[in-house]
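Data block below; observations after.
What you are looking at is a predicted structure, and each value in this text was computed from that prediction instead of being measured. Positions are given from 1 along the sequence.
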Amino acid sequence: MSRPGSDPDRLRLLEQQLARMRAMNALYHRTFFRDIRTTVVLVLGVFVAAEVLGRHFLLLLPFLALLGAVQTAFDASYLILARHFAAALERRINREVGSDVLIAHRLEETYLFPLGRRKVVTIAGGDGFSWFGFVTIFYTVLGLAAYSVGLTLGLPALDTNVMPFYLVGLLALTASTLAVGVWWFVSGTGEERLLAILGPWVEEGVSPPDPTP
């Protein structure tokens, strides 16, 4: 029920947007774990190929580990987008109806991982740490293990003439992935861009500012 003076059409549009963001949240949760499963299957396939065809196949592991990390971080970026917008919509709807009838964003903030705080993708420190963060650490450690095993056991099988090109390419890809990840996630750049638009919209009830210059 809307409070006196609220616009039913505006409230309906807000509810439709909220449903869309909740659907996106669910979609990218499923996508995240699908990409995890796909990466695990590919890594196991490389181990089988290395056992049957030669250890040089292990040199694919570092690239697979990076691919899995980038893809799952991409999935997480959409989770963060969907959660930010859903939280803003819930707060806006609560203002429209004059009561805290929607609290899912508060539950997610405390139970999953916090928004608007410095973190490594979904891994927050202190009282923001959660099982969600542990799962992210768990898969990250497995990815680092695959990366390390691939280098340790695969490099001896690589032609010495090719090795410099392989190492330079792998180092460049690893360094660029880490640099962009730190810039976007750890420094908070991505979330700051969202908050710059959603903050004024929720708190003051004005239209979101146009992000284009």
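- By the criterion of side-chain heavy atoms lying less than 4.5 angstrom apart, applied directly or through intervening Ile, Leu, Val, Met, Phe, Trp or Tyr residues, Val120 is grouped together with Phe138 in one hydrophobic cluster.
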Evaluation steps, side chain to side chain contact (heavy atoms under 4.5 Å, CB included), between Leu81 and Tyr28: CA-CA 11 Å; Leu81 166 63; Tyr28 277 94; over 6 Å; no
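- Counted by atom type alone, Thr31 and Tyr78 present zero donor-acceptor pairs between their side chains at under 3.5 Å.
- Residue-environment remark: CH2 (Trp183) exceeds the threshold of 12 foreign heavy atoms within 6.0 Å.
- Applying the 6.0 Å contact sphere to CD of Glu51 captures no more than 12 heavy atoms from other residues, nucleotides or ligands.
- Side-chain contact between Leu167 and Leu171: absent, with no pair of heavy atoms (C-beta onward) separated by less than 4.5 Å.
- Under the 3.5 Å distance criterion, the side-chain polar atoms of Thr72 are left unmatched by any main-chain donor or acceptor of Phe32.
- For the pair Ser176 (side chain) and Leu173 (backbone), a donor-acceptor distance under 3.5 Å is present.
- One finds no salt bridge joining Glu192 and Arg117 here, because no Lys/Arg side-chain nitrogen approaches an Asp/Glu carboxylate oxygen to under 4.0 Å.
- The one candidate from Asp100, Ile103, Leu89 that meets the side chain to side chain contact (heavy atoms under 4.5 Å, CB included) condition with Asn94 is Asp100.
- No side-chain donor-acceptor contact under 3.5 Å links Thr122 to the backbone of Gly133.
- Between Gln17 and Arg20 there is a side-chain heavy-atom pair separated by less than 4.5 Å.
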Determine, stepwise, if the pair Tyr166 / Phe63 fulfils side chain to side chain contact (heavy atoms under 4.5 Å, CB included). CA-CA 11 Å; Tyr166 174 88; Phe63 293 99; 3.3 Å; yes
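- Note: Leu64 CG to Thr38 OG1 = 11.0 Å, rounded to the nearest 0.5 Å.
- Side-chain contact between Ile80 and Phe113 is present, with at least one heavy-atom pair separated by less than 4.5 Å.
- Proximity of His105 to Arg83: side-chain heavy atoms (C-beta onward) are nowhere separated by under 4.5 Å.
- Between the side chain of Glu109 and the backbone N or O of Pro114, no donor-acceptor pair lies under 3.5 Å.
- Contact of the Arg22 side chain with the Phe85 side chain is not registered, since no non-hydrogen atoms from C-beta on lie closer than 4.5 Å.
- In this structure, the side chains of Leu58 and Phe47 come closer than 4.5 Å at one or more pairs of heavy atoms.
- Residues Lys119 and Phe185 form no side-chain contact, since every pair of their non-hydrogen atoms from C-beta on lies 4.5 Å or further apart.
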Assess the residue pair Leu18 and Leu14 against the criterion (side chain to side chain contact (heavy atoms under 4.5 Å, CB included)); give the C-alpha distance rounded to whole Å, side-chain angles, the decisive distance to 0.1 Å, and a yes or no. CA-CA 6 Å; Leu18 179 59; Leu14 291 171; over 6 Å; no
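- Here the side chains of Phe33 and Asp75 are not in contact, with every heavy-atom distance at 4.5 Å or above.
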